[in-house]
Every structure is written in C-alpha cells, then in structure tokens.
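Notes follow the structure.
Order of the sequence lines fixes the chain letters, A, B, ..., with proteins taken first and strands second; residue numbering starts at 1 for each chain.
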Amino acid sequence: MLGYFIQRCLQAILVMLVMSVIVFVGVYAIGNPMEVLIPPDAPQDVRNFIIARFGLDRPLWEQYLTFLGNVFVGDFGYSFVYNMPVLDLILSRLPSTLELALTAVLGAALIGVPLGVYAGYRPNAVSSHTIMSLSILGFSVPTFWVGLILILTFAVSLGWLPAGGRGETVTLWGVEWSFLTANGWSHLFLPAINLALFKMAMMIRLARAGTQEAMLTDTVKFARAAGLSEATIVLRHVLKLISIPIITVFGLELGSTLAFAVVTETIFSWPGLGKLIIDSITNLDRPVMVAYLILVALLFMTINLVIDLIYAALDPRLSRGGA
Amino acid sequence: MSEPLLQVAGLSTQFHTQAGVVKAVSDVSFSLERGQILGLVGESGSGKSVTGFSLLGLVDPPGRIAEGSIRFDGQELVGMPQPDLRALRGKRIAMVFQDPMMTLNPVLSVGTQMTLAVRAHDKVSKQMARDRAVEALTRVGIPDAGHRLDAYPHQFSGGMRQRVAIAIAMIHSPDIIIADEPTTALDVSIQAQILHEMRELAKDSGTALIWISHDLATVSSLAERLLVMYAGTIVEEGPTARVLRNPRHPYTRGLLDSLPATAPPGQNLQQIPGSMPSLLALPPGCAFAPRCSFASEVCNGDVPYLVTGPSAFRCHHPIGEAK
C-alpha cells in the first residue's frame with residue numbers, strides 16, 4: 001500500500017512538471033504580457049526596468065528554471081496584475097469555489113442517486129419516466145441559460161434570493177466561508193443549483209443504469225429467495241453494487257467543478273477560481289495561469305488517489321495487498 | 001399419511017412477451033413429503049428452474065403463474081400477497097442457485113450477507129445473528145468459520161462459496177430447499193462432496209430437497225423420486241430406481257442413453273435427434289413427438305398423463321413394460 005502511494009505521488013509530480021512546461025511555453029506563445037501591462041506611451045527606460053523586474057528579458061528556459069527553483073521553496077511568483085503572491089491570490093479564492101463546488105456536487109449526488117435508484121428499481125412506472133425526462137432536460141439545457149433564467153425567476157421576478165455575490169461570511173480556520181450563515185446560503189443556493197443540474201442528471205442516469213442491471217442479477221434473486229425485504233435488498237445489496245461508477249463520476253465532477261465553474265461563477269459574480277483564471281487569461285497574467293493549472297493538476301490527482309482508496313474500501317476485490 | 005408438505009397441481013407459468021406467450025411451465029403436478037428428496041431433471045429450457053421460482057413466487061415479470069395451485073403446509077401459495085410469501089422465503093422454503101460466484105454479493109462480506117439473511121426473519125441482535133452464521137458455516141464444513149465470516153466471496157474457493165450459499169439457505173432450517181443445479185459450476189470431486197453433504201444435512205434437519213439438474217447422473221445418486229421434464233411438462237415420474245432401470249417415456253430413455261457411462265468406450269454417445277421446440281410455438285399434443293422414433297398420428301392429439309401407483313408417464317407409445 002505504501003509503495004503504491006509513493007508511486008502515485010511520483011506520478012503526480014511528473015504530471016505537474018509536464019503541465020508547467022506546457023503552460024509556460026503555451027502562454028509565452030500567446031503573446032507578451034508587457035504589451036497589456038505597460039502603457040504604450042511609457043518611456044523606453046521605464047519599459048526596460050519593468051521587463052527586467054519581472055525577469056522577462058531572460059531567455060525562456062532560464063525564466064522557467066528560475067520559476068521552478070522558486071516553486072521548490074514554495075514561491076509561485078508574483079501576479080503581474082494583482083501585484084501579490086500568486087499562491088495567496090489563489091488560496092484567497094479557493095474557499096469560495098470549494099464551498100460552491102462541494103454544495104453542488106454533494107447536492108447532485110444526494111438527490112440524483114436516490115432518484116436514479118428509484119427509476120431503475122421501477123423502470124416502467126410513470127414517475128420513473130418523469131424522472132428520466134427531467135434528466136434529459138438537465139443534460140441538454142445550457143448552463144448559462146439556466147443561470148440567467150434562475151436569476152430572472154428567483155431574483156428579479158420573485159425577489160426571493162439574491163442574484164449574485166457571496167453574502168455574509170464567517171471566518172473559520174482563518175478562511176471566509178459563506179455556508180455557515182443563512183445569508184450566505186441564500187447566495188449559495190442559486191449558483192449551486194445551476195451547477196448541480198447537469199451533474200444530477202448524470203447521477204440519475206448512472207444510478208438508474210446500475211440499478212436496472214443489478215436488479216436482474218442472481219445476487220438479487222438469491223437475496224429475495226432468502227426472504228430479504230426489498231428495502232434491504234436495495235439499500236444493502238444494490239447500492240453497494242452500483243457505487244463504483246457513481247464514486248468515479250463524483251470525483252471527476254468535483255474536480256472539474258472546482259477548476260472550471262467559470263460560467264456559473266461569472267453569471268452569479270461568485271468570486272471564485274473560475275473568474276480568476278478567466279481574468280488572468282485576458283490579462284496574460286502568466287504566473288497566475290501556471291500556478292493555477294498546476295494546482296488543478298494536483299487537485300485532480302489528489303481526488304483520483306482518494307477515489308482509488310475508496311474503491312478499495314468499497315470493493316475488496318480491487319484492494320492491493322490482498323486480504 | 002395426511003396432506004403432503006407440498007402439493008403442486010396443474011401449475012402453468014407463462015411469460016407474456018412481444019413475440020407471444022412463452023409457456024415455460026404447463027400443467028405441472030407433483031407432491032413432496034417432509035424430508036423427501038425429489039429430482040427434477042430435464043435439458044436446458046425445459047422449465048425446471050421456472051418451476052422452482054414459481055414455488056417461491058419469484059417469477060420475474062413479464063412472467064406469471066397463469067393457473068394451478070401450490071399448496072404448502074396447508075397454505076395456498078398461488079395468489080398469496082408478496083409480504084406473506086417473503087415471510088416464507090428463506091424461512092420455510094429456501095433456494096440455492098447454480099453459480100455461487102453470481103449469487104453471493106461480491107462487495108459484501110460473507111458475514112454481512114449471512115446476518116442479513118438471519119435478520120430478514122428473526123429480529124435478533126447483530127451479535128446473535130453472527131453467532132448463528134458461524135454455526136451455519138461450521139455445519140456445512142467450513143473450517144475456522146469465526147474468522148472466515150469477515151472474508152469476501154472471492155476469497156473462497158468455488159466449493160466453499162457454494163457451501164456458504166447452502167449455509168445461507170439452511171440458516172433457518174427450512175422445510176424445503178430448492179437446489180437449482182447447485183453443483184453444475186463445480187469440479188467433479190467437489191460435486192460429490194457437496195452432494196453427500198447436502199443429503200446428510202437434509203437428513204439431519206428433516207428438510208425436503210427439490211434437486212433441479214440437467215445431469216441425470218448426479219440426481220439419481222441423491223433423489224428418491226425423479227420427475228423428468230420436457231418443454232415445460234412432466235413427461236415421466238417415479239421412484240428413481242424404476243425410472244432408471246425401466247424408463248417408460250422415449251425421452252427419458254434418450255436422456256439415459258446419452259449418459260457417457262452407458263456407452264461403451266470409444267463409441268459415439270447416443271444423442272436425441274433434433275432440439276427442443278420453441279416454447280412460443282409448442283406443437284399440439286406431445287411436444288417430444290417431432291424427435292421421437294415411436295411417434296404416430298395419435299401423438300398430435302392430447303396425451304393423457306397415465307398414473308399407475310407411484311409412477312406416471314405421458315406417452316401413447318411407452319417403452320418397457322409396466323410392473
């Protein structure tokens with residue numbers, strides 16, 4: 001198990017290294033950030049001074065190695081635009097995205113999986129057909145449109161919920177959180193729903209397909225023959241049988257929501273990572289982009305590792321090292 | 001002798017599919033005494049398993065029991081509400097399936113599956129249920145049962161897995177165990193062990209067995225009475241020794257002739273020409289007539305079930321002679 005863990009960590013470091021090279025070269029190719037940052041009418045000596053200050057007069061490989069050396073001591077560099085350490089910048093935005101993504105993905109799973117299991121258990125019931133039609137809707141309607149409609153309905157017409165922002169926050173472990181206040185929840189609600197719809201549709205379809213298949217197995221027949229109640233069969237046998245694909249998608253969705261909730265964050269002016277990366281791309285703020293994408297890679301790999309560990313716990317056949 | 005433990009009369013189970021009505025079981029009648037071992041023989045698709053599932057009220061939709069009666073210990077099972085049937089399943093009538101790899105849930109420990117089976121009928125504490133599980137595993141010959149309880153099905157060998165399934169079936173000391181080809185997926189040497197153990201266990205606890213198999217050889221070593229099924233109907237029944245020595249129905253004869261043990265070494269095995277008719281379109285009269293070398297005009301009309309003493313057969317041209 002420990003060897004496996006170390007192997008995964010080495011793999012993660014390698015991926016992050018490759019990632020940083022690609023992003024570094026890629027951003028370099030897009031354009032010169034100085035064209036955006038320095039006013040066109042600045043005198044030449046000021047120009048040179050700024051370029052030298054950011055180290056942009058050096059050849060690309062030297063810039064990269066300097067960057068890499070700094071990363072190893074925990075310094076991801078300074079943002080060109082915000083003029084603050086990139087790490088602080090990202091960490092200040094992370095909690096708001098974290099709570100939004102977690103609320104959305106958890107909510108999607110907690111609602112979607114039971115609905116899907118029900119639809120799979122009674123595939124021919126009218127209510128199941130309704131659930132499945134709704135899930136198709138959740139798949140096909142674009143996020144930005146749903147977001148606008150949600151704002152139009154609940155914020156503008158009904159006036160029940162705020163249209164954007166984070167609302168009141170409470171400090172916990174030195175970080176601001178919205179989910180600990182009622183006002184924060186009212187701000188969190190609409191963007192979370194907007195993000196959750198697609199994921200919920202996916203959870204419904206996954207859970208339904210799994211349940212339908214599981215109900216036909218001899219395992220379920222044998223459990224019925226032993227006199228187990230239908231509730232016990234579904235809750236103890238079926239739910240565990242279908243959990244692997246659901247956990248997989250849960251992890252992937254959590255990762256992608258954390259990294260790329262751009263549309264929703266923009267519509268609801270949620271001050272999260274998605275907005276940060278879009279702004280950085282527009283401003284060619286390379287240190288932020290590089291650090292951000294490395295962080296995303298790290299995030300995905302951490303989530304994948306955790307999911308692999310959960311697999312082993314859920315299905316003993318997959319655990320390494322045997323009994 | 002008063003009423004038998006189980007009395008099946010005129011049982012017909014049909015599947016209503018888009019292609020038409022599949023008559024999986026037609027007009028099956030038999031009875032079973034307490035502690036008796038009954039062999040139900042026939043080739044694949046002859047309706048043996050569906051007969052077994054009909055007894056438990058576990059015929060999967062779109063199948064249903066079209067007519068007939070199943071009287072078990074004074075109660076009519078056909079038309080009994082599912083909750084009442086559930087209370088009988090596992091408690092008084094249990095079932096063991098063909099492939100223990102498929103019937104045991106791979107992601108639940110053996111102990112969990114056994115305690116679920118115990119607590120499906122008896123509201124006892126978890127610890128008590130575990131104790132009974134250990135007892136049941138010990139009874140079927142699993143060494144060190146206390147420790148094996150936390151193991152998962154894949155950590156057992158094929159024979160041990162089937163023993164676990166049998167232990168689950170026997171955990172409530174049922175009146176009847178329906179064994180649906182429980183040794184087919186096992187090695188021959190293990191088969192013999194399981195056969196022997198099942199017989200001993202049934203004898204010790206006074207449990208009646210309905211042993212379903214396509215393998216005349218295994219059944220005949222175990223069963224006191226044999227039922228031979230073909231295309232959903234019983235074509236012959238009688239005491240095992242009589243059926244083997246003096247089969248009356250040409251199909252039974254054909255089955256016996258195709259056993260490897262009866263053919264001289266080096267010669268081709270006898271086979272029954274042709275294949276079983278589709279259960280969607282059974283020929284009128286005797287379903288075996290198209291494959292039968294004795295068939296004549298009369299075989300296309302109704303074939304009565306001739307009962308003489310403990311034996312019965314359904315044929316206009318019986319072979320051998322009545323005793």
Side-chain angles (χ1 to χ4, degrees), chain A residues 113 117 119-126 128-129 206-207 210-248 307-323, chain B residues 49 52-53 55-62 82-83 85-110 112-122 147-148 150-155 164-165 167-172 174 177-178 180:
Chain A
V113 171
V117 169
Y121 181 74
R122 292 191 186 286
N124 297 318
V126 178
S128 301
H129 287 301
L206 264 179
T211 306
Q212 248 182 331
E213 206 182 300
M215 289 314 291
L216 296 176
T217 57
D218 277 354
T219 301
V220 166
K221 264 203 156 160
F222 186 60
R224 279 187 174 144
L228 267 64
S229 69
E230 294 295 294
T232 312
I233 289 174
V234 170
L235 292 177
R236 300 297 304 271
H237 280 281
V238 173
L239 215 51
K240 201 150 181 215
L241 280 172
I242 66 170
S243 57
I244 295 265
I246 290 178
I247 294 289
T248 309
I307 284 176
D308 275 0
L309 295 177
I310 296 179
Y311 280 172
L314 282 177
D315 192 336
R317 287 171 300 179
L318 300 175
S319 72
R320 285 148 197 266
Chain B
S49 298
F53 284 122
L55 298 181
L56 286 171
L58 277 182
V59 182
D60 280 328
Q82 274 298 329
L85 274 173
R86 189 186 75 71
L88 288 179
R89 285 200 288 265
K91 179 84 177 163
R92 303 203 56 195
I93 308 178
M95 191 155 177
V96 182
F97 292 60
Q98 184 179 108
D99 190 350
M101 197 66 209
M102 311 292 287
T103 51
L104 295 175
N105 190 332
V107 295
L108 291 179
S109 76
V110 161
T112 307
Q113 299 188 51
M114 296 190 76
T115 46
L116 283 177
V118 173
R119 282 153 63 95
H121 296 290
D122 298 335
H147 282 101
R148 299 298 273 161
D150 293 317
Y152 288 83
H154 71 282
Q155 293 163 327
V164 171
I168 291 178
M170 301 208 69
I171 209 159
H172 291 286
I177 292 181
I178 302 166
D180 190 358

Quiz item: Who are the side-chain contact (heavy atoms from CB on, under 4.5 Å) partners of A:I310, not counting sequence neighbours?
Solution: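 A:I310 satisfies side-chain contact (heavy atoms from CB on, under 4.5 Å) with A:I247, A:V306, A:L314 only.
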Could you tell me which portion of [X] (side chain, backbone, both or neither) has an atom closer than 4.5 angstrom to a non-hydrogen atom of chain A?
| X | answer |
| --- | --- |
| B:D60 | side chain |
| B:S109 | neither |
| B:A151 | neither |
| B:I168 | side chain |

Quiz item: Would a distance-only check, ignoring hydrogens and angles, find a side-chain to backbone donor-acceptor pair under 3.5 Å from A:T219 to B:M102?
Solution: yes
Exercise. Please answer whether the main-chain N or O of A:A226 pairs with a side-chain N or O of B:R89 as donor and acceptor at a distance below 3.5 Å.
Key: no
Practice problem: Tell me, with the steps shown, if B:R119 and A:T232 meet side-chain contact (heavy atoms from CB on, under 4.5 Å). | Solution: CA-CA 10 Å; B:R119 282 153 63 95; A:T232 312; over 6 Å; no
Self-check item: Non-neighbouring partners of A:F222 that pass ring-ring contact (aromatic ring centres under 6.0 Å, His included), sequence neighbours left out
Solution: B:F97
Quiz item: Between B:L88, B:L56, B:I93, B:L58, which shows the greatest number of heavy-atom pairs under 4.5 Å with chain A?
Solution: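 Result: the option with the highest number of such pairs is B:L58.
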Exercise. Look at B:A117, B:P174, B:P106 and state which one has the largest set of heavy-atom pairs under 4.5 Å with chain A.
Key: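 Between B:A117, B:P174, B:P106, the count favours B:P106.
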Return the [atom1] to [atom2] distance between [X] and [Y], rounded to the nearest 0.5 Å.
| X | Y | atom1 | atom2 | result |
| --- | --- | --- | --- | --- |
| A:K221 | B:M95 | NZ | CE | 7.5 Å |
| A:H237 | B:L108 | NE2 | CG | 5.5 Å |
| B:Q113 | A:L228 | CD | CG | 9.5 Å |

Quiz item: Which of these passes side chain to side chain contact (heavy atoms under 4.5 Å, CB included) with B:V107: A:L241, A:I244, A:I242?
Solution: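 Between B:V107 and the candidates, side chain to side chain contact (heavy atoms under 4.5 Å, CB included) is satisfied uniquely by A:L241.
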Self-check item: side-chain contact (heavy atoms from CB on, under 4.5 Å) evaluation trace for B:N105 with A:K240
Solution: CA-CA 9 Å; B:N105 190 332; A:K240 201 150 181 215; 5.5 Å; no
